[in-house]
J.: 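There's a structure below that I have some questions on.
When a residue number appears, it is its place in the shown sequence, counting from 1.
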Amino acid sequence: MKEINAKRLTYLYEAVSLGSIRAAADKLDVAPSAISRQITQLEEEMACLLIERHRKGVRPTEAGQLLLRYYREATSNEEACLSELQALRGLKSGHISLAIGEGFIGDIMSKALPQFQAAYPDLTLSVHMGGSNDLIRRIEEDEAHIGVLFHPPHHQKLRSHEISSHPLCLIVPPEHPLISLNRPIQLEEIMPYSIALQETEFGVRQLISVAEFKHRIKFTPSMTVNSFSLLKEFVRSNMGVTILPDFVVRRELEDKLVVSLPIADPILTSGEVHIVTRLGRQLTEAPLALLKHLQLWMRDFHS
């Protein structure tokens, strides 16, 4: 068996990561036929089938997954070596990829990242925002160094470096009838009211689904969205209620535009924020500096 061709392996990685030969070709600015030809040659050199082509694109075979795992580890090791060389002359360069849920944007962009950038002005960052499922995939496949997620499911490839408790609450407009109860709200008491919820790929909605299953109820959202901003506007416009951790509506609570009511449910009160990396990944100097900074930020964020 020949040595693994790095260029062909990169083409394979991009095709699988993006889901299709054409998407990889667009990203790498080459013809789709060139991508396909390089992957075919890699298959011939490895003497095994690496991808399966289907109507919606491509997916890796077991052999393909093995090669992709090698590629990610090799890329990570190269990054670690370059970082150690940089460390010898001080933390003067480096790039960090951060994956976060939308609910953290306000606090991270107003506090955590400005402080970090002031301390390390020569480092660059890319920030990707998305749902929990997408963020977990990015961490798992080394597309992001660090993730900040709300209540991620137990995942054997994730390592949580910092965890803080943030229960889900019922967010209602001022003067909503449930405020007058002056006690934690039962989940069933929310049912008669118009409610907006996130799509199922988000950690908040996944936790709500677990509570629904336990109580044998099912919310029928008046509106389903993929944005915390839309949920906040739904409540502010007096269209109904939603369920969120308080930190997402911190500014609205301070401005008395919405009211947060505790929910009497052990599942919804178990919400957690996690700072995660891929288990086994050795962070280089720049991402490690950000990780330590975010851990300190989260302790303050929790309080």
Side-chain angles (χ1 to χ4, degrees), residues 100-113 129-132 135 147-152 160 162-190 193-199 202-212 215 219 221 223-276 294-303:
I100 62 175
E102 182 193 358
F104 305 104
I105 287 292
D107 283 273
I108 285 183
M109 292 302 296
S110 65
K111 297 178 182 178
L113 293 188
M129 185 178 69
S132 296
L135 301 183
V148 183
L149 300 88
F150 181 81
H151 211 86
S160 293
E162 194 77 26
I163 303 172
S164 66
S165 175
H166 291 273
L168 292 181
C169 300
L170 183 66
I171 309 301
V172 303
E175 302 181 6
H176 191 275
L178 288 176
I179 299 174
S180 63
L181 296 179
N182 200 30
R183 59 165 172 78
I185 308 301
Q186 300 294 325
L187 211 58
E188 291 79 3
E189 292 175 316
I190 305 172
Y193 298 98
S194 173
I195 189 168
L197 296 173
Q198 286 182 304
E199 295 176 352
F202 291 85
V204 169
R205 182 63 184 275
Q206 291 166 8
L207 194 59
I208 293 171
S209 296
V210 175
E212 287 177 304
H215 288 263
F219 288 115
M223 188 179 294
T224 303
V225 305
N226 65 348
S227 163
F228 281 119
S229 297
L230 289 175
L231 290 181
K232 291 190 285 187
E233 288 302 318
F234 181 84
V235 178
R236 288 181 57 178
S237 301
N238 208 29
M239 296 175 66
V241 304
T242 191
I243 297 175
L244 289 170
D246 277 352
F247 66 80
V248 176
V249 290
R250 185 170 291 170
R251 184 168 297 176
E252 287 77 10
L253 288 170
E254 291 172 352
D255 295 340
K256 302 187 185 306
L257 298 173
V258 301
V259 176
S260 173
L261 304 176
I263 300 174
D265 180 81
I267 294 173
L268 297 188
T269 56
S270 69
E272 296 174 340
V273 175
H274 290 235
I275 297 178
V276 302
L294 288 176
Q295 287 179 282
L296 293 174
W297 161 78
M298 181 178 280
R299 291 161 197 168
D300 179 64
F301 178 65
H302 177 71
S303 63

J.: To the closest 0.5 Å, what do you measure between CG (D265) and CD (E212)?
T.: 10.5 Å

J.: Applying side chain to side chain contact (heavy atoms under 4.5 Å, CB included) between L244 and each of V235, L231, V258, report the one that passes.
T.: L231

J.: What distance separates I208 CD1 from I195 CD1, expressed to the nearest 0.5 Å?
T.: 6.5 Å

J.: Please walk me through it: do V248 and I171 pass side-chain contact (heavy atoms from CB on, under 4.5 Å)?
T.: CA-CA 10 Å; V248 176; I171 309 301; over 6 Å; no

J.: Spell out, as yes or no, whether a donor-acceptor pair under 3.5 Å connects the side chain of S237 to the backbone of M239.
T.: no

J.: What closest approach, in Å, do L135 and G130 show between heavy atoms, and which atom pair accounts for it?
T.: CD1-O, 3.5 Å

J.: I'd like to know whether F202 forms a side-chain contact (heavy atoms from CB on, under 4.5 Å) with N226, so could you lay out the CA-CA distance, the side-chain angles of the two residues, the decisive distance to 0.1 Å, and finally the verdict.
T.: CA-CA 8 Å; F202 291 85; N226 65 348; 3.9 Å; yes

J.: State whether the number of non-hydrogen atoms from other residues, nucleotides or ligands found under 6.0 Å of N182 atom CG is greater than 12.
T.: no

J.: Supply the atom-to-atom distance S270 OG to L168 CG, rounded to the nearest 0.5 angstrom.
T.: 8.0 Å

J.: I need the full list of salt bridge (charged side-chain N to carboxylate O under 4.0 Å, His left out) pairs touching residues 164-184, with sequence neighbours left out, sorted by first then second residue.
T.: R183-E189

J.: What pair of heavy atoms forms the shortest contact from A264 to Q186, and how long is it?
T.: CB-NE2, 3.6 Å

J.: Step by step, would you call H215 with E188 a side-chain hydrogen bond (donor to acceptor under 3.5 Å, both in side chains)?
T.: CA-CA 8 Å; H215 288 263; E188 291 79 3; 3.0 Å; yes

J.: Counting N and O atoms only, with roles assigned by atom type, does the side chain of H151 sit under 3.5 Å from a partner on the main chain of E272, one being a donor and the other an acceptor?
T.: yes

J.: To the nearest 0.5 Å, what is the distance between CD1 (I190) and CZ (F219)?
T.: 4.5 Å

J.: How close do I267 and A211 get, counting heavy atoms only, and between which atoms?
T.: CD1-CA, 3.9 Å

J.: Give a yes or no answer on whether the side chain of E162 reaches the backbone of I275 with a donor-acceptor pair at less than 3.5 Å.
T.: no

J.: To the nearest 0.5 Å, tell me how far E252 CD sits from R236 CZ.
T.: 5.5 Å

J.: Check the pair F234, V225 against side-chain contact (heavy atoms from CB on, under 4.5 Å), reporting the backbone distance first and the verdict last.
T.: CA-CA 10 Å; F234 181 84; V225 305; over 6 Å; no

J.: Hey, are the side chains of V204 and P245 touching, using non-hydrogen atoms and a 4.5 Å cut-off?
T.: yes

J.: Under 4.0 Å between a side-chain nitrogen and a carboxylate oxygen: does that hold for R251 and E254?
T.: no

J.: Answer yes or no: is there a side-chain heavy-atom contact under 4.5 Å between P174 and K256?
T.: no

J.: Report yes or no: does T242 contribute a side-chain atom to a donor-acceptor pair with the main-chain N or O of A196 at less than 3.5 Å?
T.: yes

J.: Testing the basics here: between G271 and L207, what is the closest heavy-atom pair and its distance to 0.1 Å?
T.: CA-CD2, 3.8 Å

J.: Would the distance check show the side chain of S194 and the main-chain N or O of G240 forming a donor-acceptor pair, the cut-off being under 3.5 Å?
T.: no

J.: Excluding sequence neighbours, so at least two apart, what forms side chain to side chain contact (heavy atoms under 4.5 Å, CB included) with V259?
T.: V172, I179, L261

J.: Can you see which heavy atom on S132 is nearest to which on G203, and at what distance?
T.: OG-N, 2.9 Å

J.: Please check if the distance between the ring centroids of F247 and F104 is under 6.0 Å.
T.: yes

J.: List the atom of V241, the atom of P173, and the distance in Å for their closest heavy-atom pair.
T.: CG1-CD, 4.4 Å

J.: Any chance you could lay out the side-chain contact (heavy atoms from CB on, under 4.5 Å) test for R205 and T224, step after step, and finish with the verdict?
T.: CA-CA 10 Å; R205 182 63 184 275; T224 303; 4.2 Å; yes

J.: Measure the CG-CG distance between L170 and L178 for me, rounded to the nearest 0.5 Å.
T.: 6.0 Å

